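What follows is a set of notes on a single structure, which appears directly below.
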2 protein chains.
Amino acid sequence: MPTPAKTSREALARIARELVEASGPDALTVGAVANAAGIKPPSLYKHFADRAALLKAVEIDVLRELEAHIRAGTAGTTPKARLKSMAHAYRDFGRAAPDRYRVIYSGNAFIDPEIRAACLFAAQPLFEELRAADVPDDRVLPLSRTIVPFLHGFVLMEIGSAFNLGGDVDEAFEVGLETILAGL
Amino acid sequence: MPTPAKTSREALARIARELVEASGPDALTVGAVANAAGIKPPSLYKHFADRAALLKAVEIDVLRELEAHIRAGTAGTTPKARLKSMAHAYRDFGRAAPDRYRVIYSGNAFIDPEIRAACLFAAQPLFEELRAADVPDDRVLPLSRTIVPFLHGFVLMEIGSAFNLGGDVDEAFEVGLETILAGL
DNA sequence: ACCTGAACACCGTTCAAGT
DNA sequence: ACCTGAACACCGTTCAAGT
């Protein structure tokens with residue numbers, strides 16, 4: 001007779017997610033997750049292959065949430081206004097929970113097909129808006145590769161307190177955005 | 001009578017640096033560094049407060065090297081040409097040794113005064129070129145905060161294999177650079 | 001002054017044994 | 001089918017003891 005399951009893959013992923021968001025990736029230990037789920041560490045391996053698989057689940061979850069946050073935050077009538085509000089939504093997502101943001105696009109795990117798919121999913125809103133803005137097909141990718149690195153780099157540096165030389169950081173973001181979207 | 005020193009702070013930092021560059025930050029363990037230096041792990045604490053201090057020394061070292069690499073790679077007569085060559089030098093520095101690049105601007109340790117100073121040092125070449133390009137004083141900071149995030153984000157994504165949708169990545173870098181420097 | 005062995009708490013992970 | 005205790009190799013770190 002099988003012992004009743006005390007937890008589930010989903011519950012464990014949720015706990016892992018909360019640990020990361022509250023205290024950073026280092027707080028995501030197999031012991032802490034198991035403990036919060038009311039099981040012993042070895043039992044966790046019936047649900048996830050290893051700690052990396054747990055972290056991967058968190059990353060995918062966060063990418064899904066980012067996509068939803070971006071869609072919800074996109075507003076305006078002109079293409080440029082919509083792209084700007086999208087960029088602000090992206091930045092706000094990072095600032096709202098730095099340790100949540102840090103888990104995405106981290107490491108060199110983009111080769112993993114599931115991570116890759118999740119990144120692609122999160123990038124869809126931008127692709128759609130660029131096409132809606134009548135950006136030619138062969139310019140969508142290069143332009144995305146200007147916008148996303150700027151956003152990613154800006155957010156990482158901001159949540160890492162890298163902008164510590166004074167000046168208005170909000171204004172700098174606006175200037176950068178305006179510069180990049182000037183051609184539209 | 002004091003026992004003769006088998007190693008030094010500098011030698012340990014160099015070993016740490018090599019471990020990170022060759023196998024990533026996770027390879028930087030107190031045991032591995034001590035072993036390579038011919039001492040036992042506890043002895044390392046006579047030279048560095050803890051593993052974090054060792055990693056910090058590596059980060060500062062890499063930032064110094066980045067500054068030198070940028071200066072050496074900056075060429076051209078027009079301001080825009082010089083800024084472009086500078087950006088290419090930055091990107092090349094990251095691509096040449098991804099695990100070396102990953103240690104800089106990582107974590108949220110910008111509050112640390114030594115890291116802060118090293119980051120400032122590495123940013124000097126850009127500030128100087130922007131001033132030489134007659135960019136008004138109050139625009140140097142916002143413009144830097146457009147260029148550096150783009151470069152940092154681009155390099156991180158590139159070494160993380162994030163640009164895996166096809167297309168010419170070199171061309172994308174050029175497009176992004178051209179877009180950002182268009183106003184000069 | 002620097003190095004060492006022994007020890008501690010913690011980490012991820014495996015595995016045989018339980019139900 | 002899922003959970004457990006015991007065990008392993010490793011990690012960072014402390015400390016008393018050596019020279």
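Because the structure is a prediction, the values reported are computed rather than measured. Order of the sequence lines fixes the chain letters, A, B, ..., with proteins taken first and strands second; residue numbering starts at 1 for each chain.
For A:Pro79, the side-chain contact (heavy atoms from CB on, under 4.5 Å) criterion is met by A:Ala133, not counting sequence neighbours. For A:Arg51, the side-chain contact (heavy atoms from CB on, under 4.5 Å) partners are A:Leu28, A:Val30, A:Leu55, not counting sequence neighbours.
Within the cation-pi definition used here (under 6.0 Å to the ring centroid, within 45° of the axis), B:Arg100 qualifies as a partner of B:Phe93. Seen from the ring of B:Phe173, B:Arg91 counts as a face-on cation partner, given the 6.0 Å and 45° thresholds.
Within a heavy-atom distance below 4.0 Å of DNA chain C, no residue of residues 7-20 of chain A is found.
Taking a cutoff of 4.0 Å between a charged side-chain nitrogen and a carboxylate oxygen, B:Arg64 and B:Asp61 do not qualify as a salt bridge.
With rounding to whole Å, B:Asn35 atom CG is found 13 Å from C:dG5 atom P. Counting to the nearest Å, the C1' atom of D:dG5 and the CD1 atom of A:Ile39 are 14 Å from each other. Taking atom NZ on B:Lys6 and atom P on C:dA1, their separation rounds to 19 Å, with Å as the unit. Counting to the nearest Å, the P atom of C:dT19 and the NZ atom of A:Lys46 are 16 Å from each other. Counting to the nearest Å, the C1' atom of D:dA1 and the CG atom of A:Leu44 are 16 Å from each other.
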Please tabulate, for the side chains in residues 32-39 of chain A, all donor-acceptor contacts under 3.5 angstrom to protein atoms that are two or more places apart in sequence or on a different chain.
none

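In the model, A:His88 has a side-chain atom that pairs as donor or acceptor with a side-chain atom of A:Glu174 under 3.5 Å.
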Dot-bracket, 5' to 3', for DNA chain C please: Watson-Crick or G-U pairs under 3.5 Å, [ ] where pairs cross earlier ones, | where the partner sits on another strand, dots elsewhere.
||.|||||...|||||.||

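Map A:Leu28 and B:His47 each onto its nearest nucleotide of DNA chain C; the residue landing nearer the 5' end is B:His47.
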Interface polar pairs with nucleotides 13-16 of chain C, N/O, under 3.5 angstrom:
residue, atom, partner, partner atom, Å
C:dT13, OP2, A:Tyr45, OH, 3.0
C:dT13, OP2, A:Arg51, N, 2.9
C:dT13, O5', A:Tyr45, OH, 3.3

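Other residues, nucleotides and ligands place more than 12 heavy atoms under 6.0 Å from the CZ atom of A:Arg71.
Side-chain atoms of A:Arg9 come within 3.5 Å of backbone N or O of A:His47 as a donor-acceptor pair.
For B:Thr3 against C:dC2, a side-chain N or O and a base N or O form a donor-acceptor pair under 3.5 Å.
Residue-level contact check: A:Lys40 touches the backbone only, with heavy atoms under 4.0 Å from sugar-phosphate atoms and none from bases.
Residues B:Phe154 and B:Phe163 place their aromatic rings such that the two centres sit under 6.0 Å apart. Centroid-to-centroid, the aromatic rings of B:Tyr90 and B:Tyr101 come within less than 6.0 Å.
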